[in-house]
Amino acid sequence: MNRIVDLITKELQAAFAAKAYPTDMVTASVSNRPDLCEYQCNAAMALAKKLGKKPIDIAKEVAEQLQHSELLGKAEAVLPGFINMDLDPRALRIYLQEMAKAEHYGVPKGAKRRIVLDFGGPNVAKPLHVGHLRSAVIGESIKRILRFNGDEVIGDVHLGDWGLQMGLIIEELRDRKPDLVYFQEDFTGEYPQEAPFGISELEEIYPAASAKTKYAADASPEEKERAEAFKARAMESTLKLQNGDKACRAIWRHIIAVSVGDLQKNYERLDVHFDLWKGESDAQPYIPALIEDLEKKGLAYESDGALVVDVMTPEDKMEIPPCLIRKSDGAALYATSDLATIVERQKLYHPDAMIYVTDIRQSMHFNQVFRVSKKAGLVEEGQDLVHIGFGTVNGKDGKPFKTRDGGIMRLENLMDEVCGCVYEKIRANRSIEEKEARKIADIVGLAALKYADLSNQASKDYIFDMDKFTAFEGNTGPYILYTIVRIKSILAKYEKTAARQADVEDLEPARTGSEKNLSLELARCNDVLGSAYTELAPHKICQYIYALANAFNSFYHEVNILSKEDEQEKRSYLALISLTKDVLLSCIGLLGMEAPDYM
RNA sequence: GAGUCUGUAGCUCAGCCGGAUAGAGCAUCGGCCUUCUAAGCCGAGGGUCAGGGGUUCGAAUCCCUUCAGGCUCACCA
């Protein structure tokens, strides 16, 4: 299905052609001056220079030609050479009816690609914090947007379940519980199925272990020695784990099991879902062959004892350091792991694209990894590697977001706090029983949190302001939900008394300004959803639904639908707001939000 | 130091592959609830789009430059 601007563009091009003007730069766009017109065309001004004519003359000729259009109710030339157009209300009605009946509102289907989407990226044994919120929320939204447009998406949480952190946890555990069978050298039996720790203990172990390896610049020699010794033990354990040591493996499996259980609970609450719960460890088997391959191809070479691959090309203006794939002590690194993961994904899924949603500070890393992948032929021509980097969540002071006492804000505490605020608000404003209020507060609170994150451009840092996000006025998730609830309420009330529901066939040409405005907003939904898809930009959807919600609320205040005497007129309005509700619900679905029936 | 991103109203942000008078929200001020949820609507004030130069009929938007800030820059992930 064509977008509405495409339909107008076609008419414009025909009109330009009829007057013997070139049409290649002729396009219609939504007006940036809604007080003057609904759609505009600026081509006459661009053409004028080339043809040595006055822009207004060209515009006038074309506008004249457009007078017979069935699509346009108005077409006029305005100085210096704009062509201002309004849609014919009847044409708009027909467009909306077709749009409503089309699959996905007529958003053009994508190429049906298969995509591996790497998001979430939590570390095992560490609680989720605000930083993980972004990857989860943006990733989930992108997943839904891709699927909406016809792509097959495989979402992988890609756990940080490998590396030194594992050794640290094992050694800390040894210090705490030296009697465990895992630490008995002569133990030959089967290790227990049950983990020797719970999630809260595990979450405490890692920071404690990490702290043990650090020392202040002015630390005493003994302190330094103790820290270094502990670190050395951790590295040794890590190596043992990597070499398949039974005891280390057993503990490691416990760590994963306990941790993943907790992660799943948190992601479930966020309504964020993964198809794969793979981790860095899954890529390890591919590393030896990968390194061999890179060496055989003459790409990897030794430098200062480490194995590296050059990734700079002569065209590069900036310096890109070589990609390190093996440390001088023989251990693999982050890049190695990600390269091996690409090999693995290639083998298992052979996707058309791999998309990574991570902190933007990792963009150099992905740049390097992608370059090595292409250079080494790990991916083929036409397979895309994309990094979507998101900015940092900062506090009001502009520094990374912390709790009031300076600690790391856990994601579940954040969710609790936001939902708690919503609960208070609901109880204060509405008479709803407690249980119901809790349920609604959870839906609305999460929407507030997600919308706040998604409505900012992903790549930019944003300031997390708890007061602002729980205020629920203006451009917020709750405002959008409130709008949907209002519509649901009207429709429900009507359904109780009416013989049948209103549907798109009942739609009539817009009568009033606010009604036309709402219709116009609805008509561009496929345009917006299309560009949100090509640009992988959830914030465009936020912008759109905010405008759509505004348009509805204006209409709502201008027209009291249910009090209309004329049944046909009433049905027409109901059809319009019903479509509005459907579009809003589809859009918030793409953002990973849902709406309650009342709030 | 090199590279990169950012700088738009008091605050938080849109707009950035060039178009008309630079938009929202919050905050401030003024209206609107016996009528479909006032978590709403209508209105007012508030700007050297960091500074300077250039390209263009036209620049917040493209190019150059200065300033300020963030981030990255080989054995962490």
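A quick note: this is a predicted structure, and the numbers were derived from the prediction, not measured. In what follows, chains carry the letters A, B, and so on, assigned in the order in which the sequence lines appear, proteins first and then strands, with residues in each chain numbered from 1.
Syn is the glycosidic conformation of C33(B), whose angle stays within 90° of 0.
Note on I561(A): a base of the nucleic acid sits closer than 4.0 angstrom, heavy atoms only. Heavy atoms of Y546(A) sit under 4.0 angstrom from primed sugar atoms or phosphate atoms, though from no base atom. Nucleic acid contact for M45(A): base, since at least one base atom lies under 4.0 Å from a heavy atom of the residue. Note on V559(A): a base of the nucleic acid sits closer than 4.0 angstrom, heavy atoms only. The residue D304(A) sits close to a base: some heavy atom pair falls under 4.0 Å. Within the nucleic acid shown, I426(A) comes within 4.0 Å of at least one base atom, counting heavy atoms only. Residue contacts shown for S459(A) are absent, as no nucleic acid heavy atom lies under 4.0 Å away. Using a 4.0 Å heavy-atom distance criterion, A46(A) is classed as a base contact. When heavy atoms are screened at a 4.0 angstrom cut-off, I487(A) is found touching no nucleic acid atom at all.
Across all strands shown, G54(B) is found opposite C62(B) as a Watson-Crick or G-U wobble partner, with both distances under 3.5 Å. The partner of G18(B) cannot be assigned: no Watson-Crick or G-U wobble pair with both contacts below 3.5 Å exists in any strand. Under the Watson-Crick and G-U wobble criteria, each requiring two contacts below 3.5 Å, nucleotide C73(B) is paired to G1(B). The partner of G40(B) is C32(B), judged by Watson-Crick or G-U wobble contacts that both fall below 3.5 Å. A68(B) is paired with U6(B) under the Watson-Crick or G-U wobble criterion, all donor-acceptor distances under 3.5 Å. G45(B): no Watson-Crick or G-U partner with both key distances under 3.5 Å is found in any strand.
Between the CD1 atom of I440(A) and the P atom of U37(B) there is a distance of 14 Å, given to the nearest Å. Rounding to whole angstrom units, CG of residue N550(A) and C1' of G23(B) are separated by 12 Å. For H539(A) and G23(B), the NE2 to P distance is 19 Å, given to the nearest whole Å. Between the P atom of U21(B) and the CZ atom of R33(A) lies a distance of 7 Å, rounded to the nearest Å. In this structure, the CG atom of N367(A) is 12 Å from the P atom of U4(B), given to the nearest Å. Regarding D467(A), its CG atom lies at a distance of 19 Å from the P atom of A39(B), rounded to whole Å. In this structure, CZ of F464(A) is placed 17 Å from C1' of C11(B), rounded to the nearest angstrom. Atom CG in D359(A) sits about 12 Å away from atom C1' in G70(B), given to the nearest Å.
The nearest heavy atom of RNA chain B to K468(A) and to S554(A) marks one nucleotide each, and the one closer to the 5' end goes with K468(A). Summary of the strand contacts: G305(A) and N456(A) both lie near RNA chain B, and taking for each the nucleotide with the nearest heavy atom, the more 5' one is attributed to N456(A).
Cation-pi contact between R524(A) and Y544(A): absent, since separation from the ring centre below 6.0 Å together with deviation from the ring axis within 45° is not met. A cation-pi contact, defined as under 6.0 Å to the ring centre and within 45° of the axis, links R511(A) to Y573(A).
The base of A20(B) sits within donor-acceptor range of the side chain of N84(A), with an N or O pair under 3.5 Å. Residue side chain D465(A) does not reach the base of U12(B) through any donor-acceptor N/O pair under 3.5 Å, judged by distance alone.
The phosphate of G15(B) has OP1 or OP2 within less than 4.0 Å of a side-chain N or O from Q457(A). Look at K54(A) and you won't find any side-chain N or O under 4.0 angstrom from OP1 or OP2 of C57(B).
Side-chain atoms of P55(A) and L47(A), non-hydrogen and from C-beta on, never get closer than 4.5 Å to each other.
In the set U72(B), C41(B), C76(B), the nucleotide with an atom closest to the side chain of L333(A) is C76(B). Minimum atom distance to the side chain of N553(A) is reached by C41(B), of the listed U72(B), C16(B), C41(B). Out of A20(B), A27(B), U37(B), the shortest distance to the side chain of V78(A) is found at A20(B). With A38(B), A77(B), U72(B) as the choices, the nucleotide that has an atom nearest any side-chain atom of N123(A) turns out to be A77(B). For Y334(A), the listed nucleotide lying nearest its side chain is A77(B); candidates were A77(B), U37(B), C41(B). With distances taken from any side-chain atom of K49(A) to the nucleotides U37(B), C57(B), C41(B), the minimum falls on C57(B). If you check U37(B), G19(B), G15(B) against the side chain of Y482(A), the one that comes closest is U37(B). Checking A39(B), A77(B), G70(B) against every side-chain atom of E280(A), the shortest atom distance belongs to A77(B). The side chain of M364(A) has U72(B) as its nearest neighbour among U72(B), U37(B), A24(B). Closest contact between the side chain of E535(A) and the listed nucleotides C17(B), A14(B), C71(B) involves C17(B).
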Check step by step if salt bridge (Lys or Arg N to Asp or Glu O under 4.0 Å) holds for K516(A) and E38(A).
CA-CA 10 Å; K516(A) 178 105 190 256; E38(A) 293 160 7; 2.8 Å; yes
Does K278(A) form a salt bridge (Lys or Arg N to Asp or Glu O under 4.0 Å) with D156(A)? I'd like the steps, not just the answer.
CA-CA 6 Å; K278(A) 286 183 162 282; D156(A) 183 5; over 6 Å; no
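As rounded to the nearest Å, G70(B) and C76(B) have P atoms that lie 26 Å from one another. Separating the P atom of G15(B) from that of A44(B) is a span of 25 Å, rounded to the nearest Å. Here the separation of G19(B) from C64(B), taken at their C1' atoms, is 24 Å to the nearest Å.
Using a cutoff of 4.0 Å between basic side-chain nitrogens and carboxylate oxygens, E76(A) and K74(A) are scored as salt-bridged. Ion pairing between a basic and an acidic side chain is recognised when a charged N comes within 4.0 Å of a carboxylate O; R33(A) and D35(A) show such pairing. Checked for salt-bridge contact, E535(A) and K540(A) meet the test: a charged N lies under 4.0 Å from a carboxylate O.
Using a 5.5 Å limit on the distance between ring centres and a 30° limit on the angle between planes, the aromatic ring of F82(A) counts as stacked on the six-membered base ring of A20(B).
Between F401(A) and F464(A), the two ring planes are tilted [angle within 30° to 60°].
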